[in-house]
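Just below is one structure, and these are the notes that go with it.
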Amino acid sequence: MTKKDWATLRKLMVENQLRARGIKDERVLQAMAKVPRHLFVPPDSQEFAYSDEPLPIGEGQTISQPYIVAYMTEAIQPEKWKRVLEIGTGSGYQAAVLAELVKEVYTVEVIPSLAEKARELLESLGYDNIHYKVGDGTLGWPEKAPFDSILVTAAPAKIPPSLEEQLAPGGRLIIPVGEMFQDLYLVTREKDKFRRQKLLPVRFVPLVTLH
Ligand code: SAH
């Protein structure tokens, strides 16, 4: 596979899986047409990197299906001026998509080996607006709060209050919630009022809590 072949597969992914299913934000579609998703999956799953499915990334974790990445990214309205917190760095793929779109990305991962691998890859790709932390993302990243948007890629049983508290006024939080069965929620903050909207059923790995 040449670089051009991968780019062709990406373009097909964008048209058939994303645009065809209702993703409209052109900037999001462009970012997903650009980020080399095949570099974020293990070598033996590379050929499936642009198919319509989640893939294993080691340590029992998974990279979400492209549609879900696009859907969540669109939902937080990733405008250029924003500072965004991601919980669950994993492979680093979602962080790369965000870094294409917003000003600064803050990403927290609880498994050190995944965090380190993601950081190496993202730095080698030239992303210089991503900030990394190893630790329990349930607590957010208080020193860097507030955030204009927060995107959580592992599911807690309930929405962690610290994440809501770290949203700026007007901010948007997208998060899968539930145990066996999960729903994606969008929380929007207006001053000290939180509006919680249930969007669609999803399946994510659990958000582990260390305390
Ligand atoms: N966004 C990732 C997908 C990650 S899968 C990507 O694009 O590849 C979910 C990730 O959340 C896993 O890497 C898992 O280790 C991490 N995770 C689980 N519980 C966590 C916690 N409490 N804090 C931070 N990360 C956590």
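All ligand and atom numbering here is 1-based and tracks the order in the structure.
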### Query
Counting only heavy atoms not in K3, do more than 12 fall under 6.0 Å of its NZ?
no
### Message
With a 4.0 Å cut-off on N to O distance, would you call E164 and R196 a salt bridge?
### Response
yes
### Message
Side chain, backbone, both or neither: which applies to V208 and ligand 1 if a contact is any heavy-atom pair less than 4.0 Å apart?
### Response
both
#### Entry: atom 23 (N) of ligand 1 - nearest protein heavy atom and its distance
G137 N, 2.7 Å
#### Entry: Validation row: D183, Y185 side chains within 4.5 angstrom (heavy atoms)
yes
### Summary
Short version for E109: what comes under 4.0 Å of ligand 1, heavy atoms counted, is both
### Message
Under 4.0 Å, counting heavy atoms only: does P206 come that close to any atom of ligand 1?
### Response
yes
### Query
How far is atom 9 (C) of ligand 1 from its nearest protein heavy atom, and which residue and atom is that?
T153 O, 3.3 Å
### Task
Could you tell me whether ligand 1 has any atom less than 4.0 Å away from a heavy atom of G135?
yes
### Task
Between G88, G90, A96, P54, flag the one that comes closest to atom 1 (N) of ligand 1 by a heavy atom.
G88
### Message
Using every non-hydrogen atom in the two residues, find where D148 and K82 come nearest and quote the distance to one decimal.
### Response
OD2-CA, 3.5 Å
### Message
Distance under 4.0 Å to a non-hydrogen atom of Q94: what atoms of ligand 1 satisfy this?
### Response
1 (N), 7 (O)
### Task
Return a yes/no value for L207: is any of its N or O atoms, backbone included, closer than 3.5 angstrom to an N or O of ligand 1?
no
### Query
Just wondering, do Q65 and D52 contact through their side chains at under 4.5 Å, heavy atoms?
yes
### Query
Using a heavy-atom cut-off of under 4.0 Å, does the side chain or the backbone of T209 touch ligand 1, or both, or neither?
neither
### Query
Below 4.0 Å from any atom of ligand 1, is there a heavy atom belonging to E59?
no
### Query
Any N or O on L114 sitting closer than 3.5 Å to an N or O of ligand 1?
no
### Query
Which of these, I111, L55, T62, V110, has its nearest heavy atom closest to atom 3 (C) of ligand 1?
T62
### Task
Have a look at ligand 1 and work out which part of A154, if any, has a heavy atom under 4.0 Å from it: side chain, backbone, both or neither.
side chain
### Query
At the 4.0 Å heavy-atom cut-off, does T89 count as touching ligand 1?
yes
### Message
Could you tell me if T2 and D5 have a donor-acceptor pair between their side chains, going purely by distance under 3.5 Å?
### Response
yes
### Task
Would you please say whether a donor-acceptor pair under 3.5 Å links the side chains of R10 and Y50?
yes
### Summary
The closest protein heavy-atom partner of atom 12 (C) of ligand 1 is Q61 OE1, 3.2 Å
### Task
Under 4.0 Å from a heavy atom of S91: give me the atoms of ligand 1 that qualify, with their elements.
6 (C), 7 (O), 8 (O)
### Query
Hey, are the side chains of L163 and F147 touching, using non-hydrogen atoms and a 4.5 Å cut-off?
no
### Query
Take atom CZ in R203; do more than 12 heavy atoms of anything else shown fall under 6.0 Å from it?
no
### Task
Please say whether more than 12 non-hydrogen atoms of neighbouring residues, nucleotides or ligands are located less than 6.0 Å from CD in E143.
yes
